Amino acid sequence: MAEKEKPVVTIEAFIYGYDDTRMEYDIAIPIDDPFMIGKPDKLTPYTQIRLAKVMRDMKSGYRIKCEFCGKEDARENYMTTASHLHLPAKGEPGWMGRPSPGPRLTAYYQDRHFLIILKIHGVCRMNGPCGKQARGHGDLLGMMTMAPREGPPDEENYDDTVYPKNGSCAGCNADASVEKTLQRCGSCKTAQYCGSDCQKVG
């Protein structure tokens with residue numbers, strides 16, 4: 001008897017740059033343990049760890065300008081997500097006394113596949129005005145899902161660390177590599193490298 005197909009978390013990720021630039025990625029993450037289904041406290045970190053492993057490859061895929069100023073290359077990627085698991089029972093008072101639609105996942109499960117949609121902002125610096133705009137998008141999403149951010153603004157979570165540019169080599173991460181014609185990985189078809197030496201490092 002053939003082995004039963006594993007359930008899969010399918011992620012549609014969108015990285016946004018300046019002037020309506022948008023990169024779309026379809027990611028499939030097999031769920032090794034089916035007992036995690038219906039247990040967000042287990043499935044969420046499992047998915048996040050595996051998503052982090054492919055984010056670097058996605059970032060190296062294309063060079064984009066900062067979504068908000070358009071003047072500098074994007075270096076940081078701010079992910080906005082929504083969760084409805086925190087909501088009280090349907091009809092009960094929620095945020096600001098509004099009736100709750102009830103707890104639910106922002107994922108769709110059909111034919112052994114979860115579908116999650118992520119919106120990722122390409123930002124030049126998260127500790128500057130463009131980062132503030134990106135966080136504003138996250139705050140708006142939080143209000144829409146009845147989960148506004150609590151506490152003071154999180155500006156202190158961002159420092160002056162200089163991250164690699166979107167579209168730079170996934171191996172050496174050199175800024176100058178965005179000006180080169182990079183070689184795309186033949187396996188994942190996403191990551192780009194200066195050459196075989198950088199691919200070995202990556």
Side-chain angles (χ1 to χ4, degrees), residues 8-30 44-82 115-141 149 153-202:
V8 173
V9 177
T10 302
I11 301 174
E12 292 184 2
F14 302 88
I15 301 181
Y16 291 84
Y18 186 67
D19 199 22
D20 294 327
T21 301
R22 185 176 77 176
M23 274 64 67
E24 302 181 12
Y25 296 90
D26 292 326
I27 307 162
I29 300 177
T44 298
Y46 173 88
T47 302
Q48 288 175 337
I49 290 172
R50 283 150 184 80
L51 178 61
K53 292 180 179 180
V54 300
M55 273 298 297
R56 185 187 64 167
D57 293 343
M58 292 165 51
K59 182 177 180 180
S60 77
Y62 294 94
R63 181 184 185 182
I64 59 173
K65 292 292 185 181
C66 173
E67 178 185 0
F68 302 99
C69 70
K71 298 176 181 178
E72 299 184 42
D73 288 320
R75 291 181 178 272
E76 301 186 55
N77 294 277
Y78 185 75
M79 185 182 301
T80 54
T81 57
L115 173 61
I116 300 176
I117 300 176
L118 302 177
K119 183 174 182 180
I120 304 167
H121 304 280
V123 185
C124 53
R125 287 185 301 276
M126 282 301 298
N127 67 339
C130 294
K132 185 174 182 179
Q133 290 188 63
R135 294 193 296 275
H137 280 256
D139 290 342
L140 178 60
L141 187 60
R149 183 178 59 194
D154 59 355
E155 281 85 356
E156 64 275 8
N157 293 331
Y158 304 98
D159 54 27
D160 294 324
T161 301
V162 178
Y163 294 92
K165 293 182 177 182
N166 282 54
S168 62
C169 171
C172 68
N173 299 135
D175 281 0
S177 65
V178 299
E179 305 293 345
K180 299 179 181 179
T181 300
L182 302 177
Q183 300 175 25
R184 196 169 297 278
C185 173
S187 178
C188 71
K189 304 292 192 295
T190 301
Q192 295 192 110
Y193 300 94
C194 296
S196 57
D197 290 340
C198 282
Q199 188 169 14
K200 292 175 183 178
V201 174

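Here the structure is a predicted model, which is why all the values come from computation and not from measurement.
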So, do Thr47 and Ile49 sit near enough that their side-chain heavy atoms are less than 4.5 Å apart? no
Minimal non-hydrogen separation, Arg75 against Cys124, with atom names: CB-O, 3.7 Å
Quick one: pull up NZ in Lys132 and CZ in Arg135 and give me the separation to the nearest 0.5 Å. 8.0 Å
From Asp19 atom CG to Glu67 atom CD, the distance as rounded to the nearest 0.5 Å: 11.0 Å
What do you reckon, is OH of Tyr62 surrounded by more than 12 foreign heavy atoms closer than 6.0 Å? no
Answer yes if the ring centres of His137 and Tyr16 are under 6.0 angstrom apart, and no otherwise. no
Is there a donor-acceptor contact under 3.5 Å from the side chain of Glu76 to the main chain of Arg125? no
What's the spacing between His121 NE2 and Met79 CE if we round to 0.5 Å? 10.5 Å
In Å, rounded to the nearest 0.5 Å, how long is the span from SG of Cys185 to CD of Gln199? 5.0 Å
With sequence neighbours left out, the residues meeting salt bridge (charged side-chain N to carboxylate O under 4.0 Å, His left out) with Arg184 are none
Within the distance-only criterion (no hydrogens, no angle test), does the side chain of Tyr25 pair as donor or acceptor with the backbone N or O of Met58 below 3.5 angstrom? yes
Any idea which heavy atoms bring Cys194 and Lys180 closest together, and the distance? SG-NZ, 3.8 Å
At their closest point, which heavy atom of Cys169 faces which heavy atom of Ser177, and how far apart are they? N-OG, 2.9 Å
Find the distance between OH (Tyr78) and CE (Met126) and round it off to the nearest 0.5 Å. 5.5 Å
SG/Cys172 to OH/Tyr193 distance, rounded to the nearest 0.5 angstrom? 11.0 Å
Give me the atom names and distance for the closest heavy-atom approach of Gly131 to Val123. N-CG1, 3.7 Å
Given the rule in the side chain to side chain contact (heavy atoms under 4.5 Å, CB included) test, do Asp26 and Ile11 qualify, once you have shown the distances and angles that lead to the verdict? CA-CA 6 Å; Asp26 292 326; Ile11 301 174; over 6 Å; no
Donor-acceptor contact below 3.5 Å, side chain Lys65 vs main chain Thr21: no
Do you know which two heavy atoms are closest between Thr190 and Asp57, and how far apart they sit? CG2-O, 3.3 Å
Verify, without hydrogens or angle tests, whether Arg56 (side chain) and Ala52 (backbone) share a donor-acceptor contact under 3.5 angstrom. no
Can you see which heavy atom on Val8 is nearest to which on Ala28, and at what distance? CG1-CB, 3.7 Å
For Lys189 and Gly186, indicate whether the former's side chain and the latter's backbone hold a donor-acceptor pair under 3.5 Å. yes
For residues 160-169, which residue pairs pass the side-chain hydrogen bond (donor to acceptor under 3.5 Å, both in side chains) check, not counting sequence neighbours? Asp73-Lys165, Asn77-Asn166, Asn127-Asp160, Asp159-Thr161
